[in-house]
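What follows is a short report on a single structure.
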Amino acid sequence: MLVDLTPPLPSIYSLHGELYNHPHMPELPEVETIAQTLRRGNDSPPLPGQRIKRVTIRWPRHIAMPSVTTFRRRIRDRLFSEVNRRGKYLVFALDRGTMLIHLRMSGDLVLVPPDTPAGRYDRTVFYLEDDHELRFSDARKFGKIFLLDDPDIVLGKLGPEPLDASFTPLILASRLLKRRRILKPLLMDQTFIAGLGNIYTDEALYHARLHPLRRSDSLDMNEITALWQGIRDALTLGLRHSGASIDWVYRGGDFQHHFRVYGRSGEPCLKCGTSIERIIVGQRGTHFCPTCQGEVNV
DNA sequence: AGCGTCACCCGGACGC
DNA sequence: TGCGTCCGGGTGACGC
C-alpha cells in the first residue's frame with residue numbers, strides 16, 4: 001500500500017573508518033534543531049497557530065498515553081500553540097493539553113506541504129487545516145507519543161537541563177557526589193541529567209579529559225568543573241552544527257564530521273595522536289582517548 | 001536503597 | 001537466499 005519513494009541515503013556510515021551499520025537516537029542538539037525548525041517554520045509555515053484536522057496512526061504502539069482511541073478523539077481540532085524541547089522530548093503545547101514526542105532511535109518529525117509523497121517509515125501523520133502535514137517517521141518503531149493534561153507526569157522525572165543557566169558546576173557536583181556510579185551510564189541516565197545520549201556523553205567526557213569508567217564520587221572540584229564545561233562544549237558544538245546526521249533520516253546537521261572520539265576507534269586522538277579506543281560500558285559502545293582520559297582510579 | 005546487568009522492543013546491514 | 005548477530009534508548013526484572 002505504501003510506496004517507498006525515499007531516496008537511498010548517502011554513504012555517511014563509514015566516515016571515520018568505523019562502520020555505522022546501525023542508527024542511533026537523536027540527542028539534545030538534534031531534538032532542539034527539530035523543535036526550532038518546527039517553531040520557526042522553514043520551507044513550511046511555523047507549526048504554532050496550526051490546527052489538527054485529523055490524524056492517521058499506522059503503528060498504534062507508538063501511542064504511549066492515553067489509549068489510541070482516546071488519543072485519536074482528543075487530538076482532533078487541537079491547535080498548536082508552542083513547540084519546545086525538554087531533554088530529548090519534543091513538547092507541543094496545545095490549546096488543550098500537551099503532546100510529547102520521544103524520537104528514540106530512528107524517529108524524525110517533518111512538516112511537509114500538501115501532496116508530498118509518503119515516506120517509507122511514516123507512522124503517524126497529523127493533517128493540518130492548511131493541508132500541510134506533520135509526519136512522524138520512525139523506521140525502528142521505538143518512538144513514543146503522549147497526550148497529557150499534565151506533561152509533568154513524564155517530564156517531571158527528568159534531571160536538569162544541561163544548558164540552563166540554573167545548571168551550575170555546584171549543582172552538578174552535589175548530584176555527582178550523592179551517587180556512586182560509573183560516569184558514562186550516569187551521564188546517560190535521563191533522571192540524572194536530561195538530553196545526553198551515547199554520542200554527546202562520549203564527546204563530553206573527552207572534552208573534560210575524564211575516563212568513562214571513573215566513579216561519580218571520585219571527582220574533585222576541578223574535574224567536576226571540567227565535566228560541566230565538557231557537557232556544555234559538546235552540546236554547544238552539536239547545536240552549532242544543527243546536530244549530527246548519521247541516522248536513517250538526514251536532518252541537515254553536519255556534526256558527525258566533528259566528532260572527537262565517537263565512531264573514531266583506531267583513529268588518532270586529535271590532541272595527542274593516541275589511537276582512540278572503543279570499549280563496552282553498561283552495554284554501550286564507548287569511545288575515548290586512553291592517554292588524554294587516562295586515569296581510571298576507581 | 002543503590003547499583004549493575006540483562007532481555008526486550010525493532011529492523012537494516014553485515015558475515016558466513 | 002537465508003539465517004544469526006549486532007546496535008541503539010529506555011524500561012522493567014532480577015540479583016547482589
Side-chain angles (χ1 to χ4, degrees), chain A residues 2 4 6-31 34 58-65 85-90 100-108 119-124 136-146 153-159 174-204 212-218 243-251 256 259 262-263 265 278-287 296 298:
Chain A
L2 282 179
D4 180 17
T6 317
L9 286 172
S11 182
I12 49 180
Y13 289 96
S14 54
L15 288 172
H16 297 300
E18 182 175 324
L19 216 57
Y20 289 105
N21 60 348
H22 58 276
H24 67 91
M25 113 184 257
E27 307 176 30
L28 188 155
E30 289 77 24
V31 178
I34 292 172
R58 300 204 177 93
W59 184 253
R61 292 163 73 173
H62 270 148
I63 312 298
M65 222 190 293
R85 178 197 57 76
R86 172 78 171 95
K88 302 180 196 173
Y89 287 89
L90 284 152
L100 305 177
I101 297 187
H102 197 300
L103 303 172
R104 290 280 185 103
M105 317 293 305
S106 55
D108 196 16
R120 178 171 179 181
Y121 304 116
D122 291 351
R123 309 290 185 193
T124 291
F136 176 44
S137 77
D138 185 15
R140 286 291 186 276
K141 300 175 173 174
F142 283 179
K144 290 291 167 212
I145 304 179
F146 301 80
I153 291 173
V154 173
L155 302 182
K157 298 170 187 162
L158 296 177
S174 79
R175 296 179 75 81
L176 284 169
L177 300 177
K178 273 197 289 208
R179 318 291 294 272
R180 192 178 161 76
R181 300 253 324 254
I182 294 167
L183 275 187
K184 162 89 183 204
L186 182 59
L187 292 174
M188 290 183 64
D189 183 339
Q190 301 302 299
T191 67
F192 181 78
I193 184 171
L196 296 178
N198 211 30
I199 294 176
Y200 291 92
T201 299
D202 284 0
E203 295 294 310
L213 289 175
R214 285 287 297 276
R215 297 271 171 179
S216 58
D217 62 346
S218 77
S245 302
I246 59 175
D247 209 325
W248 293 101
V249 182
Y250 181 71
R251 291 200 180 76
Q256 69 276 12
F259 293 156
Y262 187 85
S265 54
R278 182 181 190 273
I279 57 173
I280 302 294
V281 182
Q283 278 78 251
R284 296 294 177 250
T286 299
H287 312 74
V296 190
V298 179

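Side chains included, hydrogens not; waters and symmetry mates left out as well; all remaining heavy atoms used. The chains referred to below are lettered A, B, ... by the order of the sequence lines, with proteins before strands, and numbering in each begins at 1.
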Checking only heavy atoms, does the side chain of A/Arg284 share a donor-acceptor pair with the base of C/dG9 at less than 3.5 Å?
yes
Looking at [X], does any N or O in its side chain come under 4.0 Å of the phosphate oxygens OP1/OP2 on [N]?
X        : N      : value
A/Arg104 : C/dG8  : no
A/Gln283 : B/dC6  : yes
A/Arg120 : B/dG12 : yes
A/Lys178 : B/dG2  : no
A/His102 : C/dG9  : no
A/Arg61  : B/dC10 : yes
A/Lys141 : B/dC9  : no

Could you tell me how far apart A/Met188 (CE) and B/dC3 (P) are, to the nearest whole angstrom?
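Going from CE in A/Met188 over to P in B/dC3 covers 17 Å.
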Strictly distance-based, threshold 3.5 Å: is any side-chain N or O of [X] a donor or acceptor partner for the main-chain N or O of [Y]?
X        : Y        : answer
A/Asp217 : A/Leu177 : no
A/Arg104 : A/Lys141 : no
A/Gln190 : A/Gly87  : no
A/Thr201 : A/Gly197 : yes
A/Ser106 : A/Asp138 : no

Going by an N to O cut-off under 4.0 Å, is there a salt bridge joining A/Lys184 and A/Asp202?
yes
Is the charged tip of A/Arg179 near the ring of A/Phe192: under 6.0 Å from the six-membered ring centre and within 45° of its axis?
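No - A/Arg179 does not lie over the ring of A/Phe192 by the 6.0 Å and 45° rule.
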Return the residues of residues 189-196 of chain A meeting this criterion: a heavy atom under 4.0 Å from some atom of DNA chain C. Order them by number, or give none.
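Contacts with DNA chain C under 4.0 Å: A/Gln190.
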Regarding A/Lys144, tell me which of base, sugar-phosphate or nothing describes its non-hydrogen contacts under 4.0 Å with the strands shown.
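No contact.
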Is A/Arg179 touching bases, backbone alone, or none of the nucleic acid, heavy atoms closer than 4.0 Å?
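Result for A/Arg179 = sugar-phosphate.
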Go nucleotide by nucleotide along DNA chain B from the 5' end; which of A/Ile182 and A/Trp59 gets its closest nucleotide reached first?
A/Ile182
